[in-house]
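Along the sequence shown, the residues carry numbers beginning at 1. Whatever order the structure lists them in is the order used to number ligands and atoms, beginning at 1.
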Amino acid sequence: MPTADELKTLVGRAALEFVVPGSVVGVGTGSTVNKFIDALATMKGRIAGAVSSSAQSTERMRSLGIRVFDANEVTSLPVYIDGADEIDGRGCMIKGGGAALTREKIVADLAERFVCIADESKQVAVLGRFALPVEVIEMARERIVRRFAAIGGRAVPRAGVVTDNGHPILDVQGLAITDPPALETEINQWPGVVACGIFARHRARVCLLGTAAGVRRIDYD
Ligand code: 5RP
C-alpha cells in the first residue's frame, strides 16, 4: 500500500501530461501541488513559465528555476493544476485548506481547464465534511459568522492565519453542500466575502486520483 506522500508524488508526476509545451501553466497550492512543482521543474526548459496561486508556490517554483508571471501579464492559460480538500462526483470541490483559495480561484478563472490532483481520501459523495474555508474582510467577520449560523453552519476564525491578501479565514462546519453552485452563488453575494472555498463554477474537468492501484483519471462532463 503506497503512503499518502507516494500517492501525491504519483499524481503530481501524472499531471505533467496536461502541461502544454511552450505555454504558461496555472499552478495551485498545497502539499500535492508541491509534488507537481517538483515534477514541472524537470521540464522547465519546455514551458514559458507559470502563474502562481500563492507566495508559497511562487517561492518553490523560483527556487527550482521556473519563471513565474504575474496573473495580469497573461490573458489565458490552457490548464490550471491544483489539489482539493474534497471533490464530489461532478468535479465540484472544497478548497482553501492552505488558505490560498482567493488566488486559486483567480488563476482557475484564467484557465481553460482545471485538472485536480488528489488522493482518493478527498473523494466524497457530498461536500461539507471538511470545514468550508471562506476568506473575509475583517470588519465583516462576525456578521458573516451569524449568516452562516442562520443556515446551520458553525463558522470559526482560523487561529493565527492571515491570507496572502491580508484577510482572515473562517472555517465553516456543519454544512451538507448538496447544491454547490447555489451555495457558492449565495455566499459570494454576502458583503465582506472575498472568496468562498466552494469551487463549483470553477470545478475540475479532470481529476487524477491517487489510489492503491495507481493513478485513476476521472473526466467530468
Ligand atoms: C490550498 C488548497 C489545497 O489545494 C488543498 O488544501 C489541498 O492541499 P493538499 O494537497 O496539501 O492536501 O486548496 O488552499
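- Ion pair R201/D109 not flagged as a salt bridge, since none of the NZ, NE, NH1 or NH2 atoms sits closer than 4.0 Å to an Asp/Glu carboxylate oxygen.
- Nearest-heavy-atom check against atom 12 (O) of ligand 1 across K122, E86, K105, E104 picks out K122.
- Looking only at distances, a side-chain donor or acceptor of T9 sits under 3.5 Å from a matching main-chain atom of D5.
- Considering backbone and side-chain atoms alike, G30 places every N or O at 3.5 Å or more from each N or O of ligand 1.
- Between R203 and E184 no salt bridge is recorded (no basic side-chain N to carboxylate O distance below 4.0 Å).
- Here P133 has no heavy atoms under 4.0 Å from ligand 1, in either its backbone or its side chain.
- Annotation: the span from L101 atom CG to F199 atom CZ amounts to 6.0 Å, rounded to 0.5 Å.
- Residue A99 approaches ligand 1 through these ligand atoms, each under 4.0 Å from one of its heavy atoms: 14 (O).
- Remark: side-chain polar atoms of K8 are not paired, donor with acceptor, to backbone N or O of V33 under 3.5 angstrom.
- Residue-ligand proximity, T29 to ligand 1, at heavy-atom distances under 4.0 Å covers atoms 1 (C), 2 (C), 3 (C), 4 (O).
- Judged purely by distance below 3.5 Å, without hydrogens or angles, the side chains of D119 and S121 pair a donor atom with an acceptor atom.
- A donor atom on one side chain and an acceptor atom on the other are found under 3.5 Å apart for S53 and T29.
- Atoms of ligand 1 lying under 4.0 Å from at least one heavy atom of G97, given by number and element, are 6 (O), 13 (O), 14 (O).
- Counting only distance, with no hydrogens or angles, the side chain of D164 and the backbone of A55 share a donor-acceptor pair below 3.5 Å.
- Residue K95 approaches ligand 1 through these ligand atoms, each under 4.0 Å from one of its heavy atoms: 2 (C), 3 (C), 4 (O), 13 (O).
- Inclusion of K8 in the set of residues having an N or O under 3.5 Å from an N or O of ligand 1 is not warranted.
- A donor-acceptor distance shorter than 3.5 angstrom exists from the side chain of E6 to the backbone of T3, with no hydrogens or angles considered.
- Remark: among candidates D85, I94, D82, T102, the nearest residue to atom 6 (O) of ligand 1 is D85, based on non-hydrogen atoms.
- Judged by distance alone, the side chain of R158 and the main-chain N or O of G97 form a donor-acceptor pair under 3.5 Å.
- Closest to atom 10 (O) of ligand 1 among all protein heavy atoms lies T32 OG1, 2.5 Å.
- Numbered from 1 in the order shown, with element, the atoms of ligand 1 that lie under 4.0 Å from a heavy atom of G83 read 4 (O).
- Short contacts between ligand 1 and A100, defined as distances under 4.0 Å to a heavy atom of the residue, involve ligand atoms 14 (O).
- Within ligand 1, the atoms closer than 4.0 Å to a non-hydrogen atom of S31 are 9 (P), 10 (O), 11 (O), 12 (O), numbered from 1 in the order shown.
- Close contacts between ligand 1 and G96 involve ligand atoms 2 (C), 13 (O), 14 (O) [criterion: under 4.0 Å to a heavy atom].
- Residue contact check for ligand 1: A84 places a non-hydrogen atom closer than 4.0 Å to it.
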